[in-house]
J.: 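My questions all concern the structure below.
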Amino acid sequence: MATLSKVIGDSALDHQHIIPLDFDSVHELPDSHAWSDHVNDLYSKKYTHLKHVPMNEESCVPIIDLSAPNVVELVGNACETWGMFHVINHGVSSILIDDVVSHARQLFTLPTQQKLKAQRAPGGGTGYGVARISPFFSKLMWHEGFTIMGSTVEHAKELWPHDYEDFCNVMDNYQKTMKSLAHQIMLLILKFLDINKEEEMISKPSIYESEGALQLNSYPCCPDPNRAIGLAPHTDSLLLTILHQSEEKGLQIQQNGVGWVPVPPVSGALVVNIGDLLHILSNGRFPTVYHRAVPSQDRHRISVAYFYGPPVESIIGPLNKLPSPIYRSLTVKEYISLKNKHHEKALSLIKI
Ligand SMILES: O=C(O)CCC(=O)C(=O)O
Ligand SMILES: [Fe+2]
């Protein structure tokens, strides 16, 4: 049976040959990573109204207390208006989060040759490498990543042959914790859409048997951050993403009529954003968030994203209750393949 790792790894575009830069060894932005013209091109053609906004502007993405009595409305309204929100009182221990970040930092500060021992294999979904969307852009990103789905023992052994257990235990624990939080948030969202668990279980049992992937992102200090991009604009493919960004700014979302708006970290909060599958499930009512990350000159930023989605063999489409579906139903596997091949055009390809 297909797994998320296999389906994600089955990219039509080959990115195995793109190896992350040895960031420590460069003191000027190499041409391969100099985006300025490309970025300006991209936005002046497509989004003429967009401007870069200063990084120190406050973001207005809502902050939601998960213990609030009206949490269903708060979450639902944020999904409709922003497709993104912060959650506080989420029950995830700050010790666990700090542990994940410090292990991720330890990984990314290994020498490049050592990190490459755990490189994502051709057709594989997990391990060290460039962003999966890299082949869609002519310039490279100021970024390196490490993907985990389930056990990470094999890759961790390649990195630390005698001392890998701690890393694996922390990542296992974090994946379990994120899965349960994502499930809890998903139930609030379904409640807002007036779908109760029993009804939904009859038509789409898949939501309750979800799979996930953990993505450790590293954005090293960049000699020329205004001309580089950390992670190019994209939407996340699955249902929900739960992102932890440590103290450094870098995440931005695109807002109609405004441009790129920073989403600075909120102490103790996790960022939740809607992905393509939940956009489809809600029949377009919830926007899937177009976002990107920018690097900084003097801070090595780490972020940790957990992507939550249904099993890849399950069928996803606008919920039965919602009238006039605007998307056709398809398997999760099929949608991920479309996304692997067509990037941001995937959604338009399944419009009815
Ligand atoms: O690093 C960030 O803030 C964003 C990460 C992200 O968008 C992703 O991993 O998909
Ligand atoms: Fe993302």
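Just follow the structure's listing: the first ligand is 1, and inside any ligand the first atom is 1. Index from 1, following the sequence. Bear in mind the structure is a predicted one, so any value in this text is a computation, not a measurement. Keep in mind that the numbers below use all heavy atoms, side chains included, and drop hydrogens, waters and symmetry copies.
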J.: Below 4.0 angstrom from a heavy atom of Phe307, which ligand 1 atoms are there? Numbered from 1 as shown, please.
T.: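 Those qualifying, in numeric order: 8 (C), 9 (O), 10 (O).
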
J.: To the nearest 0.1 Å, how far is atom 4 (C) of ligand 1 from its closest protein heavy atom, and which atom is that?
T.: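 Atom 4 (C) of ligand 1 sits closest to the protein heavy atom Tyr219 OH, 3.8 Å.
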
J.: Going by heavy atoms in the side chains, are Thr152 and Thr126 under 4.5 Å from each other?
T.: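 Result no, sub-4.5 Å side-chain heavy-atom pair not found.
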
J.: Check contact between Arg292 and ligand 1, using heavy atoms of the residue and a distance below 4.0 angstrom.
T.: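 It does not, in that no heavy atom of Arg292 comes within the 4.0 Å cut-off of ligand 1.
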
J.: Nearest to atom 5 (C) of ligand 1, what protein heavy atom do you find, and at what distance?
T.: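 Among all protein heavy atoms, the one nearest atom 5 (C) of ligand 1 is Asn217 ND2, 3.4 Å.
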
J.: For atom 6 (C) of ligand 1, find the nearest protein heavy atom and state the residue, atom name and distance (0.1 Å precision).
T.: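 It is Leu231 CD2, 3.4 Å.
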
J.: Looking at Lys339, Glu344, Gln254, His279, which hits side chain to side chain donor-acceptor pair (under 3.5 Å) with Thr235?
T.: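 Of the listed residues Lys339, Glu344, Gln254, His279, the side chain to side chain donor-acceptor pair (under 3.5 Å) partner of Thr235 is Lys339.
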
J.: Can you classify the ring geometry of His343 versus Phe136 as parallel (below 30°), tilted (30 to 60°) or perpendicular (above 60°)?
T.: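 Ring orientation of His343 relative to Phe136: parallel.
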
J.: Within ligand 1, which atoms have a heavy atom of His234 less than 4.0 Å away?
T.: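 Under 4.0 Å from His234, ligand 1 has these atoms: 6 (C), 7 (O), 8 (C), 10 (O).
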
J.: Using a cut-off of 2.8 Å, find all protein N, O or S atoms closer to the Fe ion (ligand 2) than that distance.
T.: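 Those protein N, O or S atoms (cut-off: under 2.8 Å from the Fe ion (ligand 2)) are His234 NE2, Asp236 OD1, His291 NE2.
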
J.: If you measure every N or O of His291 against every N or O of ligand 1, does any of those distances drop under 3.5 Å?
T.: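 Yes; the residue has a nitrogen or oxygen that sits under 3.5 Å from a nitrogen or oxygen of the ligand.
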
J.: Does only the side chain of Thr241 get under 4.0 Å from ligand 1, or the backbone, or both, or neither? Count heavy atoms.
T.: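 Within the 4.0 Å criterion, Thr241 makes no contact with ligand 1.
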
J.: Strictly by salt bridge (Lys or Arg N to Asp or Glu O under 4.0 Å), give each pair with a member in residues 91-115 just once, sequence neighbours left out.
T.: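 Listed once each, the pairs are Lys115-Glu144.
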
J.: Hydrophobic clusters here meaning ILVMFWY residues chained together by side-chain heavy-atom distances under 4.5 Å, can you tell me if Ile63 and Val71 are in one?
T.: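 They do not share one cluster, since no chain of ILVMFWY contacts under 4.5 Å joins Ile63 to Val71.
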
J.: Which class fits the ring pair His33 and Trp142: parallel under 30°, tilted 30 to 60°, perpendicular over 60°?
T.: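 His33 vs Trp142 ring planes: perpendicular.
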
J.: Do you know the tightest heavy-atom contact between Leu216 and Met171?
T.: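 Taking every non-hydrogen atom into account, CD1-CE, 4.1 Å.
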
J.: For Tyr219 and Glu248, does a side-chain donor sit closer than 3.5 Å to a side-chain acceptor?
T.: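 No - no donor-acceptor pair under 3.5 Å links their side chains.
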
J.: Run the numbers for me: atoms of ligand 1, each under 4.0 Å from some heavy atom of Ala305, listed by number.
T.: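 Atoms satisfying the 4.0 Å criterion: 9 (O).
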
J.: Is it true that atom CD1 of Ile352 has more than 12 heavy atoms of other residues, nucleotides or ligands lying nearer than 6.0 Å?
T.: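 Enclosed: over 12 neighbouring heavy atoms sit under 6.0 Å from CD1 of Ile352.
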
J.: Taking C-beta and beyond as the side chain, do Ile253 and Trp82 meet within less than 4.5 Å on heavy atoms?
T.: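 Counting from C-beta outward, Ile253 and Trp82 do come under 4.5 Å.
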
J.: Counting distance only, does the side-chain N/O of Trp35 pair as donor-acceptor with the main-chain N or O of Leu140 below 3.5 Å?
T.: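 Yes; judged by distance alone, with no hydrogens or angles, the pair exists.
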
J.: Are any of the N/O atoms on Arg301, whether in the backbone or the side chain, positioned under 3.5 angstrom from an N/O atom of ligand 1?
T.: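 Yes, at least one N or O pair falls under 3.5 Å.
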
